[in-house]
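What follows is a short report on a single structure.
Along the sequence shown, residues carry numbers from 1.
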Amino acid sequence: ISSLTDSQIVAAVIAFFTFIFTAFMESIAGVFPADNKTAFIVFSALVLIICLVLYLMMHNFTVSATIAVFGVGGLAAIYLVKPMLFDGMVIKAFGWASVMARYRSFSYGIFDLADIVYYLSIMFIFLFLTMQVIKKKRWS
């Protein structure tokens with residue numbers, strides 16, 4: 001986040017709210033209904049947000065629109081064929097992505113390989129994105 005902004009204060013505020021969001025992700029998931037229609041809408045919105053971020057990073061409308069069409073189209077196809085797959089998936093997905101749910105096993109002294117891989121993958125994803133932002137700033 002600090003590589004995206006010029007102000008350290010803005011980066012700190014955004015990082016703080018991002019941490020709060022990920023820390024309370026399980027509680028936030030409890031707000032959503034567990035029905036399949038809500039899950040389809042939430043996952044479609046996430047795909048569209050990812051496509052928006054891709055467009056802002058690459059400035060390539062064709063790639064972003066293609067990913068959006070295939071992503072939302074794939075979700076719609078799954079929803080039409082077997083809507084029961086979406087039952088409770090928002091709660092499961094938010095629970096899976098929750099930082100505190102992964103940390104809970106560490107606090108009990110259990111070193112689960114899936115949790116270690118989760119934290120390492122998050123670390124590598126954000127290091128990669130930071131390197132891309134720095135490369136983009138250097139060449140522009």
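Scored by the side-chain contact (heavy atoms from CB on, under 4.5 Å) test, V133 finds S3, L4, K137 as partners (sequence neighbours excluded). I41 meets the side-chain contact (heavy atoms from CB on, under 4.5 Å) test with K37; sequence neighbours excluded. T38 meets the side-chain hydrogen bond (donor to acceptor under 3.5 Å, both in side chains) test with D35; sequence neighbours excluded.
A chain of hydrophobic side-chain contacts below 4.5 Å, direct or via other Ile, Leu, Val, Met, Phe, Trp or Tyr residues, connects F21 to F43. Hydrophobic cluster membership is shared by M89 and V42, with clusters built from Ile, Leu, Val, Met, Phe, Trp and Tyr side chains linked at under 4.5 angstrom. With hydrophobic clusters built from ILVMFWY side chains whose heavy atoms lie under 4.5 angstrom apart, V53 shares a cluster with I122. V99 is not connected to F16 by any chain of hydrophobic side-chain contacts under 4.5 Å among Ile, Leu, Val, Met, Phe, Trp and Tyr, and they are in different clusters. Hydrophobic clustering (ILVMFWY, side-chain heavy atoms < 4.5 Å, transitive): L54 and V47 are in distinct clusters.
Listed by first and then second residue, the ring pair (Phe, Tyr, Trp, His ring centres under 6.0 Å) pairs that reach into residues 47-79 are F40-Y79, Y79-F86, sequence neighbours excluded.
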Side-chain donor-acceptor pairs of residues 100-112 under 3.5 Å, sequence neighbours excluded:
| residue | atom | partner | partner atom | Å |
| --- | --- | --- | --- | --- |
| R102 | NE | W96 | O | 3.2 |
| R102 | NH1 | D115 | OD1 | 3.1 |
| R102 | NH2 | W96 | O | 3.3 |
| R104 | NH2 | E26 | OE1 | 3.1 |
| S105 | OG | R102 | O | 3.3 |
| S105 | OG | D115 | OD2 | 2.5 |
| S107 | OG | R104 | O | 2.6 |

Let me have the donor-acceptor pairs involving side chains of residues 123-130, under 3.5 Å, with sequence neighbours excluded, atom names and distances please.
| residue | atom | partner | partner atom | Å |
| --- | --- | --- | --- | --- |
| T130 | OG1 | F126 | O | 2.8 |

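Separating the OG atom in S64 from the CD1 atom in I50 is a distance of 11.5 Å, to the nearest 0.5 Å. Expressed to the nearest 0.5 Å, how far OG of S121 lies from CD1 of I116 amounts to 12.0 Å. Expressed to the nearest 0.5 Å, how far CD1 of I67 lies from CG of N60 amounts to 9.0 Å. L75 CG to L85 CG: the interatomic distance, rounded to the nearest 0.5 Å, is 11.0 Å.
Judged by distance alone, the side chain of D87 and the main-chain N or O of N36 form a donor-acceptor pair under 3.5 Å. Side-chain atoms of S98 never come within 3.5 Å of backbone atoms of F94 as a donor-acceptor pair (strictly under, hydrogens ignored).
Residue Y119 places its OH atom among more than 12 non-hydrogen atoms of other residues, nucleotides or ligands, all under 6.0 Å distant. Around the CZ atom of F24, the shell of radius 6.0 Å holds no more than 12 heavy atoms that belong to other residues, nucleotides or ligands. In this structure, L56 places its CG atom where more than 12 heavy-atom neighbours from other residues, nucleotides or ligands lie under 6.0 Å away.
Shown here for S2 and A11, the closest heavy-atom pair between the two residues is CA-CB, 3.6 Å.
Taking the side chain as every heavy atom from C-beta outward, L48 and V72 approach each other to under 4.5 Å.
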